[in-house]
Asker: 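Have a look at this one before I ask anything.
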Amino acid sequence: MVQATPFLLVLFLALGAHGASVKKCNLIGRWVNDLGSNMTITTMNGNGVFAGSYHTAVTATSNEIKVSPLQGSLQKSPNQKGQPTFGFTVNWTFSDSITVFTGQCFVDDDGKEVLKTMWLLRSRVENIKNDWKATRVGINVFTRLQSQE
């Protein structure tokens, strides 16, 4: 049993070091998704409420695309392990629609932050008969946009 003690100590230290090196996600900053849309999260308070802007690269309207505000919330809990869930709403300034996103921030094996999201886009329709075509659903993957400095 005495000979096993150094092995167990090394094993314990190796496992502890691995757990200590887990990088935590930080939503603040600039992000780009798989369609080329850009999102910037500029502020977050102590309760996890955040704000920023979204510049979409795609639209179903013929209107000129404009930067639109976003507001959201990051899950804050005592059990938070560094890869938080979040949700945010984008109120499109150039169309009669609004989108809600929900997702989770992950740190991949290379240490890069990735936002995996799902969204619902609700467009205004003229009457209740057209309600069936008013909501769209999709997914996006965001990666941190590196500054050009």
Side-chain angles (χ1 to χ4, degrees), residues 10-149:
V10 170
L11 180 62
F12 176 76
L13 291 173
L15 291 174
H18 175 69
S21 67
V22 173
K23 183 178 176 187
K24 293 186 176 184
C25 287
N26 178 8
L27 292 183
I28 293 178
R30 298 173 57 219
W31 300 87
V32 61
N33 72 18
D34 45 318
L35 298 175
S37 298
N38 288 282
M39 171 176 68
T40 303
I41 298 175
T42 54
T43 62
M44 183 177 302
N45 71 19
N47 294 323
V49 176
F50 61 87
S53 60
Y54 198 103
H55 190 206
T56 186
V58 296
T59 183
T61 74
S62 59
N63 299 342
E64 176 188 352
I65 294 174
K66 297 180 181 175
V67 175
S68 299
L70 72 80
Q71 296 181 30
S73 182
L74 174 76
Q75 176 61 37
K76 299 287 272 190
S77 75
N79 300 324
Q80 192 59 254
K81 300 291 190 248
Q83 299 197 92
T85 57
F86 59 88
F88 62 90
T89 302
V90 179
N91 187 358
W92 303 110
T93 57
F94 60 90
S95 69
D96 292 334
S97 61
I98 195 161
T99 302
V100 293
F101 288 79
T102 186
Q104 186 170 356
C105 185
F106 292 99
V107 177
D108 70 14
D109 292 339
D110 296 325
K112 294 181 182 176
E113 295 162 301
V114 177
L115 307 180
K116 299 282 283 186
T117 66
M118 176 172 257
W119 52 263
L120 291 172
L121 180 143
R122 176 66 189 210
S123 297
R124 189 185 70 79
V125 291
E126 294 298 323
N127 56 55
I128 199 166
K129 292 177 187 175
N130 290 326
D131 183 63
W132 66 271
K133 65 179 181 179
T135 303
R136 296 176 186 178
V137 62
I139 58 171
N140 285 121
V141 177
F142 292 83
T143 54
R144 189 168 294 282
L145 189 59
Q146 301 302 321
S147 63
Q148 302 295 326
E149 299 172 27

Asker: Nearest 0.5 Å, please: how far is OG in S95 from CG in L121?
Answerer: 7.0 Å

Asker: If I compare all heavy atoms of K66 with all of F94, which pair ends up nearest, and what's the gap?
Answerer: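 Looking at all heavy atoms of both residues, the closest pair is N-CD2, 3.3 Å.
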
Asker: How many angstroms lie between CZ in R136 and CZ in R122, if you round to the nearest 0.5 Å?
Answerer: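 R136 atom CZ to R122 atom CZ measures 11.5 Å (nearest 0.5 Å).
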
Asker: Run the ring-ring contact (aromatic ring centres under 6.0 Å, His included) test against W31 and tell me which residues pass, sequence neighbours left out.
Answerer: none

Asker: Between Q71 and T89, is there a side-chain heavy-atom distance shorter than 4.5 Å?
Answerer: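 The answer is no; the side chains never approach within 4.5 Å.
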
Asker: So M39 and L115, do their side chains get closer than 4.5 Å, heavy atoms only?
Answerer: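 The answer is yes, as the side chains (C-beta and beyond) meet within the 4.5 Å cut-off.
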
Asker: Only one of V90, V100, T99 forms a side-chain contact (heavy atoms from CB on, under 4.5 Å) with W119, so which one is it?
Answerer: T99

Asker: My understanding is that only residues two or more places apart in sequence, or in another chain, count here; which of them pass ring-ring contact (aromatic ring centres under 6.0 Å, His included) with F88?
Answerer: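 By the ring-ring contact (aromatic ring centres under 6.0 Å, His included) rule, F88 matches F101.
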
Asker: Do N91 and S68 touch side chain to side chain, with heavy atoms closer than 4.5 Å?
Answerer: no

Asker: Any chance you could measure T117, atom OG1, to I139, atom CD1, to the nearest 0.5 Å?
Answerer: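 Separation between the atoms: 8.0 Å.
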
Asker: Taking C-beta and beyond as the side chain, do T56 and W92 meet within less than 4.5 Å on heavy atoms?
Answerer: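 Result yes, sub-4.5 Å side-chain heavy-atom pair found.
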
Asker: Would you say the side chain of N47 lies within less than 4.5 Å of the side chain of K76, judging by non-hydrogen atoms?
Answerer: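 No. Closest side-chain heavy atoms not under 4.5 Å.
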
Asker: According to side-chain hydrogen bond (donor to acceptor under 3.5 Å, both in side chains), does anything in residues 104-114 pair up with another residue at least two apart or in another chain? List the pairs.
Answerer: E113-R144

Asker: Just wondering, do I41 and F86 contact through their side chains at under 4.5 Å, heavy atoms?
Answerer: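 Of all side-chain heavy-atom pairs linking I41 with F86, none is under 4.5 Å.
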
Asker: How close do P84 and C25 get, heavy atom to heavy atom, and via which atoms?
Answerer: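 Here P84 and C25 meet closest at CD-CB, 3.9 Å.
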
Asker: Determine whether T85 and T102 make a side-chain contact, defined as any pair of heavy atoms from C-beta on separated by less than 4.5 Å.
Answerer: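 Result no, sub-4.5 Å side-chain heavy-atom pair not found.
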
Asker: Does A51 offer a backbone N or O that forms a donor-acceptor pair with the side chain of T42 under 3.5 Å?
Answerer: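 Confirmed, T42 side chain pairs with A51 backbone.
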
Asker: I need the F142 CZ to L27 CG distance, nearest 0.5 Å.
Answerer: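 Answer for the CZ-CG pair, F142 versus L27, is 11.0 Å.
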
Asker: Would you tell me whether T40 and R30 have side-chain atoms, one donor and one acceptor, within less than 3.5 Å of each other?
Answerer: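 Distance-only check fails for T40 and R30.
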
Asker: Whether the side chain of D131 engages the backbone of A134 through a donor-acceptor N/O pair (distance < 3.5 Å, no angle test) should be reported.
Answerer: no

Asker: Can you find a heavy atom in the side chain of L70 that is under 4.5 Å from one in the side chain of F50?
Answerer: yes

Asker: For V67 and T93: C-alpha separation, side-chain torsions, deciding distance, then whether side chain to side chain contact (heavy atoms under 4.5 Å, CB included) applies.
Answerer: CA-CA 7 Å; V67 175; T93 57; over 6 Å; no

